[in-house]
Every structure is written in structure tokens, then in C-alpha cells.
2 protein chains.
Amino acid sequence: MGSLLDTFTTELRRGTLTLAVLSQLRTPQYGYSLVQQLENAGVIIEQSTLYPLLRRLEKQELVSSSWDTNESRPRKFYVLSDYGIEVYKQLMDEWKKMTLELKSLLQGDENIESD
Amino acid sequence: MGSLLDTFTTELRRGTLTLAVLSQLRTPQYGYSLVQQLENAGVIIEQSTLYPLLRRLEKQELVSSSWDTNESRPRKFYVLSDYGIEVYKQLMDEWKKMTLELKSLLQGDENIESD
DNA sequence: CATAATAGTGTACGACATACAGTATAAATG
DNA sequence: CATTTATACTGTATGTCGTACACTATTATG
């Protein structure tokens, strides 16, 4: 990643990827399917980004995981814990608040052309 | 900062503070007044966060600065460079895109109560 | 069979918000 | 007037996470 815009984009993704992943774990999902679901929703996330994030979320006790070895391939399913649901709600509120603030700051600049 | 939510909030601010600051530098501003303007817009930013950020933005040639020593206190004014305007536009587009994606992901979860 | 897809673990690095320390002086306050 | 607060800035270290990379393993596909 050499571009300055790429660096800034990575910074924007910090925090928001957490929110995106938590939002998909109201119901149990396994890692690889999360990548696909999020991609279908326009949120591109590599496995190399997702698995460490899931690992951290589990360590933070926001999600719990369990193995399903009944299929031809073993899959690790993740789901929000009760605590995770609480934090998810609060984080969503925080994100909305910040988004409204930034939106009003940028409002006058929306007519700026961008290439 | 001990709370997990505080940590996540800091992560959400990464990138967005850059956008907020760039948005205020269409016209020349000095550091201390930026803190106040942003605070008036609901974006709380400490001097200890703002000055290093202005330093980085100048290093990245997105803004330029000049001293005004005519007042009773010397003030360093910052303003977007031409390059900074370009990057600002692109970053704004990137932010809008990400915000719409996340908004649609969280849509079904908006009725979740939050304390 | 070789490659791609599926599914996962582990580790190191770069970037930035933040805290902290520091300097300096004008303005406000008691 | 002495003290405190406000104004205005510089410099540095730390914690956090997205990212890249290396690796393992097996099923599906051409």
C-alpha cells in the first residue's frame, strides 16, 4: 500500500470493520462465509484481516465460537455473546453519533468535484 | 482509557479526525481555533491530538502553514494545499461509500435498544 | 495431477489517536 | 500585584488494529 489515500482508507476501516463483523454475528456464522456475506454487502475483507479480528473479539469475550465437524470440512462458528450484544449496541450508537457530526461538517463540501 | 468501548471509539476516530480537520481548512485556521470550531460542531479533539495531526498533514503536504506574528500572540495558520484538496475530496468519497455500506449492514439492527 | 477454492492458525509491521511532558506568554482573577 | 487560567505551540512514547505474510490442510475443479 503505497498511496496516501490507501493509508487513510485503512484508518477509516479501523473500528468500522469491527462494527460490520459484529453486525453479522447476531446469528452464528463461520469465518469463510462472513468474508462472502460482507463482500456481498460491499465490505471487502480479506481472510487475513478477518481471522485475527475474530480472534481478538473472542479474546475480548464479545463473541464465542464452537466447532462444527459434521460437514466435509470442519468449520468454526462464531456468535455474539450477551456482553457482545451490549457492546455492539453501544458501538453502533457511537458510530451513528460520529457519522452525523462528520456529515454536518462535510455538508457544505459535498458539491466539490472528485475525480 | 480502560473501557473496551473507549478503545473502539478511538479506533472509529482514526481517519475521521483527519477528515474533520481537513474539512475546516478550506480557509486558513490556526490550531487553537480549530479545537474550538470542531468542538462547536460536536467533534471533541484535544490539543495533544490536533497538533501532531497538523504536523503529519503538513509533512504529507496536504496542508501548508505560515506564522502570523502581528497579533499579541503568534499563531500558526494552516490551509489546504492544492494536493490536499484533491486528497480531501477522495477521502470524503471514500468515507461516504463506507458509511452507506455500514449503514445498510446495521439497518436491521437499528431497533436494538441501547442504554 | 495441478490449481483454485475452502477454511483455518500464527506473527510482525506500519500508522495514528492519545497521553504526557514541556515551553511560553497574555489575559483573567482574587 | 501574585496566582491561575487561557491561549498557543513543540516533541516523544505507547497501545491498538488492519494488513501482509507464512503456514497448514483438504476438497473441488479443469
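Scope of the values below: all heavy atoms of this structure, side chains included, with no hydrogens, waters or symmetry mates. First the proteins, then the strands, lettered A, B, ... as listed; each starts at 1.
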Which part of the nucleic acid does [X] contact within heavy-atom distance under 4.0 Å: base, sugar-phosphate only, or nothing?
| X | answer |
| --- | --- |
| A/L53 | sugar-phosphate |
| A/T49 | base |
| B/F77 | nothing |
| B/Q60 | sugar-phosphate |
| A/L17 | sugar-phosphate |

Can a side chain N or O of [X] be found less than 4.0 Å away from OP1 or OP2 on [N]?
| X | N | value |
| --- | --- | --- |
| B/R13 | C/dT18 | yes |
| B/Y51 | D/dT10 | no |
| B/S72 | C/dA27 | yes |
| A/Y30 | C/dG8 | no |
| B/T18 | C/dA17 | yes |
| B/R55 | D/dT12 | no |

*Report yes or no: does A/S64 contribute a side-chain atom to a donor-acceptor pair with the main-chain N or O of A/S81 at less than 3.5 Å?*
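Between the backbone of A/S81 and the side chain of A/S64 there is no qualifying donor-acceptor contact (under 3.5 Å).
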
*Determine yes or no for a side-chain-to-main-chain donor-acceptor pair under 3.5 angstrom, with A/T49 supplying the side chain and A/I45 the backbone.*
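No; zero donor-acceptor contacts below 3.5 Å.
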
*asked:* What's the closest nucleotide to the side chain of A/E46 if the choices are D/dA20, D/dC17, D/dT19?
replied: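 Selected nucleotide (nearest to the side chain): D/dA20.
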
Separation of [N] [atom2] from [X] [atom1] (nearest whole Å):
| X | N | atom1 | atom2 | value |
| --- | --- | --- | --- | --- |
| A/L54 | D/dC17 | CG | C1' | 14 Å |
| B/I45 | D/dA8 | CD1 | P | 16 Å |
| B/R73 | C/dT25 | CZ | P | 10 Å |
| A/K59 | C/dT11 | NZ | C1' | 13 Å |
| B/D6 | D/dT14 | CG | P | 21 Å |
| B/Y78 | D/dA8 | OH | C1' | 10 Å |
| B/L50 | D/dT10 | CG | P | 10 Å |
| A/L12 | D/dT19 | CG | P | 11 Å |

*Can a donor-acceptor pair under 3.5 Å be found between the side-chain atoms of B/R14 and the base atoms of C/dA15?*
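Present.
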
_Between the base of C/dA7 and the side chain of A/R75, is one N or O donor paired with an acceptor at under 3.5 angstrom?_
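No pair found.
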
_5'-most by nearest nucleotide on DNA chain C - A/F8 or A/W67_ =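 Residue closer to the 5' terminus by nearest nucleotide: A/W67.
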
*A/P52 or A/P74: which one's nearest nucleotide on DNA chain C is closer to the 5' end?*
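Upstream on the strand: A/P74.
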
*Does the pair B/E86/B/K89 count as a salt bridge with the N-to-O cut at 4.0 Å?*
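Yes, charged N to carboxylate O under 4.0 Å.
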
*Of A/Y51, A/W67, A/F77, A/Y78, which is the lone residue that meets ring pair (Phe, Tyr, Trp, His ring centres under 6.0 Å) with A/Y30?*
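Per the ring pair (Phe, Tyr, Trp, His ring centres under 6.0 Å) rule, the option paired with A/Y30 is A/F77, out of A/Y51, A/W67, A/F77, A/Y78.
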
*From A/E46 CD over to A/E39 CD, what is the distance, rounded to the nearest 0.5 angstrom?*
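If I round to the nearest 0.5 Å, the distance is 8.5 Å.
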
*asked:* Can you give me the closest heavy-atom contact between B/K103 and A/W95, atom names plus distance?
replied: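 Closest approach of B/K103 to A/W95: N-CH2, 3.8 Å.
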
